[in-house]
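This report refers to the structure that appears directly beneath it.
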Amino acid sequence: MNVTALKFEINGREVEALPHETLIAVADREGIDIPRLCYKPGMDEVGNCRSCMVEIDGERVLAPSCCRYPTPGMKVSTDSKRAVAAQKMVLELLMSDMPETEYTRHNELDFWAGKMALGRPRFAARAQVQRDASHAAITVNLDACIQCTRCVRACRDEQVNDVIGFAFRGESSKIVFDMDDPMGASTCVACGECVQACPTGALMPAREAALSVPDKKVDSVCPYCGVGCQLTYNVKDNKILYVEGRDGPANHGRLCVKGRYGFDYAHHPHRLTKPLIRRAGVPKTGEFTMDPDRVMDVFREATWEEALELAGGKLAQIRDTFGKRSLAGFGSAKGSNEEAYLFQKLVRTGFGSNNVDHCTRLCHASSVAALLEGIGSGAVSNPVMDVTRAEVVIVIGANPTVNHPVAATWIKNAIKHGTKLVVCDPRKSDLARSAHRYLQFKPDTDVALLNAMMHVIVSEGLVDKDFIASRTIGYAELEQNVADYSPELMAPICGIDAETIRYVARLYATSKGSMILWGMGVSQHIHGTDNARCLIALALMTGQIGRPGTGLHPLRGQNNVQGASDAGLIPMMFPDYQRVDNAAAHAKFEKAWGATLDDKPGLTVVEIMDAILRKEVRGMYIMGENPAMSDPDANHARESLAALDHLVVQDIFLTETCYLADVILPASAFPEKTGSFTNTDRLVQIGRQAIAPPGDARQDLWIIQQMAHKLGLDWQYTHVSEVFDEMRHTMPSIGGITWERLDREHAVTYPCTEEGDPGQPVVFTETFPRESGRARFVPADIIPANERPDAEYPMVLITGRQLEHWHTGSMTRRATVLDAIEPDPVALVHPLDLSAMGGKPGDVVTIESRRGKVTLYARADDSSPRGAIFVPFCYYEAAINKLTNAALDPYGKIPEFKYCAIKVALGGQVEEQGSYGGGQILEDMAQSPA
């Protein structure tokens, strides 16, 4: 709809504006300064500070320019005597209450007082209030609070965490957290949005470094989850002081606790700074230690020349002695696209096989398998932000507020504007309290629930017949299959009553736009591919795909798991999902790389571990992965890694996997290198180097290239842009993205096949990238979990991540704030289950499966149903993957992390954290000269 601009006067000058623009926005555009404190672009205007008052001809009272809109012919004065007097008076009154101590680098009140040439205030200050330093991340200085409510709006309206409020009356009014609790005792999730919004330092980072003045600012992206938030590193003397959110396409300035406070791991004293070689005769055991003296009893320092000669030379010797498939490589989803591309190229051309994989095998491999099969693409159809354009959003098997916090804010914003959210999950996430409907189905019954929904849609004629006829194949088989899955039959199986199933199915099918987002609660099962097939079928039968506000979105867990998969870091695909056993693709890459390539798919993560014990795989190169912690049945994985003839590990810390290595190569942390990264929205973005690696640590691209030389490859890349350019000429999906454009625009969405193309945030608008151009329905039937509870092991274990920690914890547990908030290994146990075993919160419990046992602290939490226990997999002293089941989905080859049988008992001894745990880290950092 076209909106006609109107004309009015501001300070005697005629200007044009749109009717919905505020006077202060027009003034900013025209270069006219008006003081403001409660106003912040992107937030709702409230007009409560009154510092932006202007005079309007013909009106008796002054008007706040932040929430007043122009009308034709209006005459506005921002600099009249009356307006300026009012602006100065407000600023002076606020200044009179300011403390003598400055809490912030940029006090906006001081800034505007300086602009208005105000001196010392004439008024007496109110009584000062005590500082609240109870929170590890944020200090509260209410003596500097001007009650502008920007923090309230940031918490309630943007992040929708509903922690900060405005309480009491008159001179007693103040900002409060929950029920006027100390911030450290409140439900604050430390996203820091309130800190970023505060104009005076009433809310500030707890660390003193935040008050330092940086000598440079470096624009980059977040190194954690797949949302891909853009941020800015503030650096001084090669040290990151603090991080700020930047206006990127995925976050628009927002960050979560990890993105804002999880940066100082890069400066941790545990960083590997010299190559290490295992001492002769020292056996490889599963015992892990961070004690420096004991570590140096196992390893010795070496030069790069010696370490690379041993690392690469021994791998080459194994290849030449036992054959090309005797070697394998694990790359990293934490690394850049260029690192992933070069790593898989090294394995395929240097090792000579396709035995290369990474953590996508452990998170969304089944989703990708189903998506490639059904719609021809393993990536998302629509960006997360499309939830704001949807009428109905289904979130199933995912906990975005924990795993994708900024993405969760867009979901919560959409709910505030009328979107109906349906949460389907055995665990009750924070989003459930905002949901239109919450379906807490029984663990392992996804297919029963989803087939019942499809039964309703088919039997009630809610399918999109035109879409099915013109754009799909295989519907008849799907229709026949779901006929036997009525809600009445499935209700006892999945635990959701038939009428609720019918209601949700109708809601999804009949809305103008329905979108499905899912996580590893869907994918990490032996029937994970079937779960995803059902979600795909739901979208196809209702035509809920190919338009804004619709589609399918598997939320990617790590910062570059999408890009690493795109770049070919998987055993059955060359870059851009071109199968290694496809003759045309095989010939294409042999020509591009000038090498003879294996035409048989390689082994996946778990298959490699089994092949090691069969002596089929004898040597490995692992970059930035920690399978000794992340693999299922971790004791088995550690046994396999220890059995290798030769293991080379490239990492930034001594991980549990490093401890089983023969050679350790010290690599670069995320802020120490430049590269491109692809987020869950298919958005390719640049992460820029902000600091130099410590000691003799080297950038990963350099290390990979040196390893390639030792394996007989003549690689001469001099800059990361050269690797990207080679990638785009072998990957049609990013063929139109040049490095120069990426550097200039910061982010480009693929598919972008031709230079100059804008990119396609929404795909499948007219056709699907399959042979026929049509999507395919694939029926699914109920397959029970590989291991069910019984009399000996009566409970169910569910694993996953927690908000403050990420993956195996090697980075976040070395980030001061994050580890201070969550320092100890915990199991989330339903309060009634904990009471039934005679326990209380904080008690030590031992959890045991058929594969191992761990001991940790119990936390009473009703998010999981009775009979199920949730444990994060980030704690080395309670490595929960010792218990999980390595049974594989037959299609995606993903392990069944989300379901295994366990028993739980009170008591046991929690393993000592040593110098790795939270308390010691805080002590280490406090004593550090930096």
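All figures in this text were calculated on a predicted structure; none of them were measured in a lab.
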**Study point:** CA sep, side-chain torsions, deciding dist, call: L888, V606, side chain to side chain contact (heavy atoms under 4.5 Å, CB included)
**Key:** CA-CA 8 Å; L888 299 181; V606 176; 3.9 Å; yes
Practice item. Please step through side chain to side chain donor-acceptor pair (under 3.5 Å) for the pair D889 and S366, ending with a clear verdict. Key: CA-CA 7 Å; D889 175 290; S366 54; 5.0 Å; no
Point to revise | V356 vs L569, side chain to side chain contact (heavy atoms under 4.5 Å, CB included): CA-CA, chis, key distance, verdict | key: CA-CA 6 Å; V356 62; L569 206 57; 3.7 Å; yes
Exercise for review: Quick one: do L818 and V257 satisfy side chain to side chain contact (heavy atoms under 4.5 Å, CB included)? Show the steps, please.
Suggested key: CA-CA 8 Å; L818 302 181; V257 62; 3.6 Å; yes
**Study point:** Intermediate values then yes/no, side chain to side chain donor-acceptor pair (under 3.5 Å), H270 and R814
**Key:** CA-CA 8 Å; H270 290 172; R814 292 178 172 92; 3.2 Å; yes
Check your understanding: Hey, mind stepping through V561 and H364 against side chain to side chain contact (heavy atoms under 4.5 Å, CB included) and telling me if it holds?
Key -> CA-CA 9 Å; V561 71; H364 267 301; over 6 Å; no
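The pair E607-R361 fails the salt-bridge criterion, with no side-chain N (NZ, NE, NH1 or NH2) lying under 4.0 Å from an Asp/Glu carboxylate O. Under the 4.0 Å criterion applied to side-chain N and carboxylate O atoms, D843 and K840 are assigned as salt-bridge partners. Salt-bridge annotation for R859 and E822: present, with a side-chain N of the basic residue lying under 4.0 Å from a carboxylate O of the acidic one. R271 and D651 are not joined by a salt bridge, as no carboxylate oxygen comes within less than 4.0 angstrom of a charged side-chain nitrogen. At a threshold of 4.0 Å, the pair E877-R813 counts as salt-bridged, since one of the basic side-chain nitrogens sits closer than that to a carboxylate oxygen. Ion pairing between E339 and K673 holds under the 4.0 Å rule for side-chain N and carboxylate O. Using a cutoff of 4.0 Å between basic side-chain nitrogens and carboxylate oxygens, R851 and E787 are scored as salt-bridged. Electrostatic pairing of D631 and R638 does not count as a salt bridge here, judged by no charged N lying under 4.0 Å from a carboxylate O.
Atom OG1 of residue T680 and atom CD of residue Q562 lie 6.5 Å apart, to the nearest 0.5 angstrom. Taking CD1 of I652 as the start and OG of S668 as the end, the distance is 8.5 Å to the nearest 0.5 Å. For the atom pair CD1 of I526 and NZ of K893, the computed distance is 14.0 Å after rounding to the nearest 0.5 Å. Distance check: C225 SG to L555 CG gives 9.0 Å after rounding to the nearest 0.5 Å. A distance of 7.0 Å separates OG of S336 from CG of N560, quoted to the nearest 0.5 Å. From S332, atom OG reaches atom CD of E625 across 5.0 Å, with rounding to the nearest 0.5 Å.
A donor-acceptor pair shorter than 3.5 Å cannot be found between the side chains of S186 and D181. In summary, the side chains of D178 and T187 do present a donor paired with an acceptor at a separation below 3.5 Å, with no hydrogens or angles considered. Side chain to side chain, S864 and D862 fail the donor-acceptor criterion of an N or O pair below 3.5 Å. Between the side chains of Q440 and D425, no donor N or O sits under 3.5 Å from an acceptor N or O. Side chains of R556 and T360: a donor-acceptor N/O pair is present below 3.5 angstrom, by distance only. D610 and H636 share a donor-acceptor pair across their side chains, judged by distance under 3.5 Å alone. Side-chain N/O atoms of D357 and T604 include no donor and acceptor closer than 3.5 Å. Between the side chains of T846 and T855, a donor-acceptor pair is found at a separation under 3.5 Å. Between the side chains of T816 and D264, a donor-acceptor pair is found at a separation under 3.5 Å. Side chain to side chain, W518 and S523 fail the donor-acceptor criterion of an N or O pair below 3.5 Å.
In this structure, N881 contributes its side chain and A634 its backbone to no donor-acceptor pair below 3.5 Å. Not a single donor-acceptor pair under 3.5 Å links the side chain of T273 to the backbone N or O of G695. Side chain of H267 to backbone of K239: no donor-acceptor contact under 3.5 angstrom is found. The backbone N or O of K274 sits nowhere less than 3.5 Å from a side-chain atom of D696 that would complete a donor-acceptor pair. In this structure, R278 contributes its side chain and P283 its backbone to a donor-acceptor pair below 3.5 Å. In this structure, K898 contributes its side chain and T799 its backbone to a donor-acceptor pair below 3.5 Å. With hydrogens and angles ignored, the 3.5 Å screen pairs no side-chain donor or acceptor of R618 with any backbone N or O of D645. Put simply, the side chain of E672 gets close to the backbone of A669: a donor and an acceptor are under 3.5 Å apart. With E896 contributing its side chain and N786 its backbone, the two residues share a donor-acceptor pair below 3.5 Å. Between the D861 side chain and the S863 main chain, a donor and an acceptor come within less than 3.5 Å of each other.
Between H805 and Y875, the distance from one ring center to the other falls under 6.0 angstrom. Checked against the 6.0 Å centroid threshold, F677 and F670 count as a close aromatic pair. The six-membered or imidazole ring of Y242 lies away from that of Y261, with a centre-to-centre distance of 6.0 Å or more.
For the pair R801 and F873, the cation-pi test (distance below 6.0 Å, angle within 45°) is failed. Judged by the 6.0 Å and 45° rule, R279 forms no cation-pi pair with F299.
Nearest approach of C229 to L255, heavy atoms of both residues: CB-CD2, 3.8 Å. Looking at every heavy atom in both residues, V649 comes nearest to C658 through CG1-SG, 3.5 Å. Nearest approach of V243 to R260, heavy atoms of both residues: CB-O, 3.8 Å. When all heavy atoms of W806 and P223 are compared, the pair lying nearest together is CH2-O, 3.6 Å. For the residue pair V227 and A407, the shortest heavy atom distance occurs at CG2-CB, 3.8 Å. Shown here for D444 and A785, the closest heavy-atom pair between the two residues is OD2-N, 2.8 Å.
Counting heavy atoms of neighbouring residues, nucleotides and ligands inside a 6.0 Å radius, atom NZ of K903 exceeds 12 of them.
Considering only residues two or more places apart in sequence or on other chains, N635 meets the side-chain hydrogen bond (donor to acceptor under 3.5 Å, both in side chains) condition with none of them. Under the rule for a side-chain hydrogen bond (donor to acceptor under 3.5 Å, both in side chains), the partners of H807 that lie at least two apart in sequence or sit in another chain are Q558.
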Kindly list each side-chain donor-acceptor pair under 3.5 angstrom involving residues 826-836, sequence neighbours excluded, with atom names and distances?
from: H830; atom 1: ND1; to: L832; atom 2: N; distance (Å): 3.1
from: D833; atom 1: OD1; to: R866; atom 2: NE; distance (Å): 2.9
from: D833; atom 1: OD1; to: R866; atom 2: NH2; distance (Å): 3.0
from: D833; atom 1: OD2; to: G867; atom 2: N; distance (Å): 2.7

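Aromatic ring orientation, Y621 versus F343: tilted (interplanar angle from 30° to 60°).
Side-chain contact between Y876 and E911 is present, with at least one heavy-atom pair separated by less than 4.5 Å.
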